[in-house]
Amino acid sequence: MELSKNFDPASAEEKWYQHWKQKGYFKSVPDKRTPFTLVIPPPNVTGVLHMGHTLNETVQDILARNARMNGYNVCWVPGSDHASIATEAKVVDMLKKEKNISKKDLTRESFLKYAFEWKEKYGGIIYHQIEKLGCSVDWDRVTFTMDDDYYKAVIKTFVSLYRDGLIYRGARMINWDTVAKTALSDEEVEYRDVQGTLYYVKYQVVGSNEFVTIATQRPETIMGDVAVCANPDDERYRHLKGKKVTIPMVNRMVPVIFDSYVDKEFGTGVLKITPAHDINDFNIGLAHNLPVIDTLNEDGTLSEAAEIFVGVDRFEARKRAVEFLREKGLLVKEENYSSRIGYSQRTHSVVEPRISTQWFVKMKDLAAPALQEVQNGNIRIHPHEKFIATYQYWLENVKDWCISRQLWWGQRIPAWYDEEANLYVGESEAEARAKYGLNDSVSLRQDNDVLDTWFSSWLWPMQVFNGITNPENEDYNYYYPTTVLVTGQDIIFFWVARMIMAGMKFSGKKPFSDVYFTGMVRDNLGRKMSKSLGNSPDLLQLIHEYGADAVRFGIMISSPAGNDLLFDEASLEQGKHFNNKIWNALKLIRMWSNHSDFGKIEKQEASELFATDWFEAKLREARADVNELIAQYRLSEALKTIYSLVWDDFCSWYLEWIKPAYGTSISKDTYEKTLRYFDSLLQMMHPFMPFITEEIYHILDDRDTDLMMTQNPSEGKVENGILKDAEHLKSLITATRDARNKFKLQQKEPIALYIETNSAKDYTKISTILQKQVFASAIHLNSRPEGNAVQVVCGNEKLHLVTEKEVDTGEQKDQLQKDLAYLKGFLISIDKKLSNEKFVQNAKPEVVELERKKKADALEKINVIEQSLKSLG
RNA sequence: GGGAGCAUAGCUCAGUUGGUUCAGAGCAUCUGCCUUACAAGCAGAGGGUCCGCGGUUCGAGCCCGUGUGCUCCCACCA
């Protein structure tokens, strides 16, 4: 078979993914082996995968494939999340744009039909991308958070928590999204610093000409004021005790009250109390028995209760209120003021604090075991230091979780009300009736709200194995707790912490043993990826352009554990080059077997044996390093180690060392060994770059096994001596090549090489390779040539390059003198150390000994250089 | 306001218990090469006050203190 000039990713990807799938390699069923379980962080069915997913999925696939090759029974469960609010918003948008249908014209059922169609479409796109990336997920286990069983699990969980007294319904101040028209949890609100204005407004004291001035950012809420409040210790306002003030615009009279909450120093020291629209005001209102006047509608327009600007949007109303106050002369001054404003994570609209009746989960009792499990080390977080404090702080200060959403897309809250609004909770209406002893004459209607999306995803590691709906099943008992969770650090509270809570509560076990947090993917300027910046590349396009292996390589090589990843297509380019390099190594090796004399020479020569022994040792060393790095989740460094092993050690050194002279054939033994090493390299690379490695594995040899299912060898001891010998050889080669470069001797300019040395080094094993690698006509040991030659010092050996060509000895001298100066400085610092009595007394003996050896080495090198300089005259 | 993390070559980052040439890697740059696997390549090279200051120590990139700068998380001061 003739091999193409370069690796063709597209055909290999299609071929091998289908092959693996058909062979059932991705599929997992419980057996006697140790399980290695991963559950994919289910992507939202709102759209397509972005670079963050790509990073995440790649990391998981590397871990999965690595574990599979280490003998584990790997199960990686794929799936997607219904993403209640995000998807509903997208569907509403689509309906309006594409079909000109408004949500309010649809019934719940028909809306859900559209939503499920949406899910089919985008879920399919996501799964296709996961496949293109090469992810070895078990496709028989695809789970969606609105599957029937999953839906049941969520409902079951709700009922169980309710019956445990951990879920309650009540009117509280919550975060209201005026665009999606739903409540949000605290976590769904993002705060941003915004430059605003502080308005100083005069309120007239009733029955006097006196005014009090209050500072507010939200003059449009003045109509909801029910009091003004000062600090009881504030001399300036003490005389107002028992008085009332008139609220501007609506001219309502409200009391002056006193509360130590008010900061005397801030603004004017007087606060307006608007319980419906500010959490602090709400609390003060409660303490002082004040009424609540809600002046906003659910869409953010002013309500009837406002009396003025009714139906006007809150921001427009603010402008008009300011205008109004200014005209009436009640606006004393305006000043710039920066404050933090909450925005909805999904609709990006300004969140409105609002009193509303919602469902909540009591978090305190759930938090304690979740915190303990991490603190006692049962769950390990990587990288540890960075997130442990954040995790702990959140759990220790956790607030109740608002879980009801005024949406249709999601699990509908299993609560029913009779005509007197009495509440019945049950897994179904029938179950609720039975539980509460209601007969059919009582008519019930179900709560309209659905549950927060995270109230379903917190069950993910359990319910993908039906652990909630059927806790006694074999899969669940075998695969759960899962092994490692790989996810973005941005959802540590939304998801990770809550999964741990749910795990501890519902299974009594942690949901996973390790958590690996990936950083955020940014562009190469450090900016967040976003559609508006146009810096968010399309995954399929990248795969098309570079190949899946190159994409995986590129994203992993620049991905330090836990840090943000600055995505740069240059690293994908690097990945593509690497693929090509591997491909060309394959071509070279294959070429050797095509030589007409191939097979006639069985045995290796000494130099070949040296090369193969060395590479075998090198391979073992690297494999041990890589295993260690992967165990520590330092995947980027593991990949760098492999990259350097393949490119530098295998291609640049080893293959050149064993390359047969022009026209001659390689020995069979060397060839066979080389194939074995190549196999080993493929094995090490496979988790990172599955397609090209599988492709080459099959080109190298006609076999019925597949690389993906081969097992890594158990470790042997690394032979150290030969590694040192090879380093010595490399340094001689490099020094000679460097000398050629410096003294303008073309690479093939004939030279004879003389090596002068005092040490008892063995050159027999390496001289053949050395001669070949530096294009020397001959190598003379422990002798020096007559006449002129280029002299170069390599450690404590002196090399002479004898050539016909005229050589500029001046340049040589400069170079030697530079080296000499450095060494002399080095010697002084060592002498200083050794003549320091405290050092000699206090340092460990081996350290002192080492310094003595360094000194001796330096002296010898200096001696060599000085001799050279002398001979140069 | 509270907390966490970071600062090492032009860029992105390694650097484990303080001690081996410890000052490293990749990318980028420069020089020379179209050499029979690969120019998507080969062979070499240059490049750093380890953020500043102070301390501990025989010895600090590493430990302690402090200052500066950056990033992130949390928090109800109008």
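Just so we're clear, the structure is a prediction, and the values are computed from it rather than from any experiment. Lettering follows sequence order; numbering is per chain, from 1.
Judged by distance alone with a 3.5 Å cut-off, no donor-acceptor contact links the side chain of A:Glu656 to the base of B:A43.
Taking atom CD on A:Glu573 and atom C1' on B:C11, their separation rounds to 18 Å, with Å as the unit. The distance from atom CG of A:Asn231 to atom P of B:A78 is 17 Å, rounded to the nearest whole Å. Between the CG atom of A:Asp259 and the P atom of B:C76 there is a distance of 18 Å, given to the nearest Å. For A:Trp394 and B:C74, the CH2 to P distance is 11 Å, given to the nearest whole Å.
Residues passing the side-chain contact (heavy atoms from CB on, under 4.5 Å) test with A:Gln375 are A:Leu371, A:Gln392, sequence neighbours excluded. In this structure, the salt bridge (Lys or Arg N to Asp or Glu O under 4.0 Å) partners of A:Arg498, at least two apart in sequence or on a different chain, are A:Glu187. Remark: A:Asp831 pairs with A:Lys855 by the side-chain hydrogen bond (donor to acceptor under 3.5 Å, both in side chains) rule, at least two apart or across chains. Legend: residues meeting side-chain hydrogen bond (donor to acceptor under 3.5 Å, both in side chains) with A:Tyr200, ordered by chain and number and at least two apart, are A:Glu335. A:Asp490 is linked by a side-chain hydrogen bond (donor to acceptor under 3.5 Å, both in side chains) to nothing, counting only residues two or more places apart in sequence or in another chain. Under the side-chain hydrogen bond (donor to acceptor under 3.5 Å, both in side chains) criterion, A:Tyr393 pairs with no residue at all, not counting sequence neighbours.
The side chain of A:Tyr393 sits closest to B:C74 out of B:C74, B:A45, B:A78. The side chain of A:Trp647 lies closest to B:C42 when the candidates are B:A37, B:C76, B:C42. Taking the side chain of A:Leu850 as heavy atoms from C-beta on, and the options B:C38, B:U20, B:C76, the nearest nucleotide is B:U20. Closest contact between the side chain of A:Asp648 and the listed nucleotides B:A45, B:A37, B:G26 involves B:G26. Closest contact between the side chain of A:Arg634 and the listed nucleotides B:A14, B:C72, B:A37 involves B:A14. Taking every side-chain heavy atom of A:Asn836 into account, B:C58 is the closest of B:A75, B:A45, B:C58. Comparing B:A78, B:U20, B:G41 against the side chain of A:Val262 picks out B:A78 as the nearest. Closest to the side chain of A:Asn584, out of B:C58, B:A37, B:G15, is B:A37. Listed nucleotides: B:A45, B:A40, B:C58. Nearest to the side chain of A:Asn6: B:A40.
Every pair passing salt bridge (Lys or Arg N to Asp or Glu O under 4.0 Å) that includes a residue from residues 212-221 of chain A is listed here, sequence neighbours excluded: A:Arg218-A:Glu220, A:Arg218-A:Glu352, A:Glu220-A:Arg318. Legend: salt bridge (Lys or Arg N to Asp or Glu O under 4.0 Å) pairs involving residues 567-578 of chain A, not counting sequence neighbours: none detected. Within the structure, salt bridge (Lys or Arg N to Asp or Glu O under 4.0 Å) contacts touching residues 842-851 of chain A (residues at least two apart or in different chains) are A:Lys833-A:Glu851, A:Glu851-A:Lys854.
Of the N and O atoms on the side chains of A:Ser185 and A:Glu188, at least one donor lies less than 3.5 Å from an acceptor on the other residue.
RNA chain B is contacted by both A:Tyr261 and A:Lys742; A:Lys742 maps to the nucleotide lying nearer its 5′ end (nearest heavy atom per residue). Along RNA chain B, the nucleotide nearest A:Phe7 and the nucleotide nearest A:Val840 are compared for position; the residue whose nucleotide lies closer to the 5' end is A:Phe7.
Between A:Asp857 and A:Lys861, none of the side-chain N atoms (NZ, or NE/NH1/NH2) sits under 4.0 Å from a carboxylate O, so this pair counts as no salt bridge.
Residue contacts shown for A:Ser652 are limited to sugar-phosphate atoms, with no base heavy atom under 4.0 Å away. Among the protein residues, A:Lys264 comes within range of no part of the nucleic acid, since none of its heavy atoms lies under 4.0 Å from any strand.
With rounding to the nearest 0.5 angstrom, the CD1 atom of A:Ile491 is 8.0 Å from the CZ atom of A:Phe517. Taken from CG in A:Asn283 to CD1 in A:Ile273, the straight-line distance is 10.5 Å, to the nearest 0.5 Å.
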Produce the list of close N/O pairs, under 3.5 Å, pairing protein atoms with atoms of nucleotides 33-36 of chain B; give distances to one decimal.
none

Below 3.5 Å between N/O atoms, which protein atoms pair up with nucleotides 27-31 of chain B? Just atom names and distances, please.
none

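For the strand RNA chain B, secondary-structure stems (runs of at least three Watson-Crick or G-U pairs, all distances below 3.5 Å) span B:1-7 with B:68-74, B:10-13 with B:24-27, B:29-33 with B:41-45, B:51-55 with B:63-67.
B:C34 and B:G47 have their C1' atoms separated by 29 Å, with the value rounded to a whole Å.
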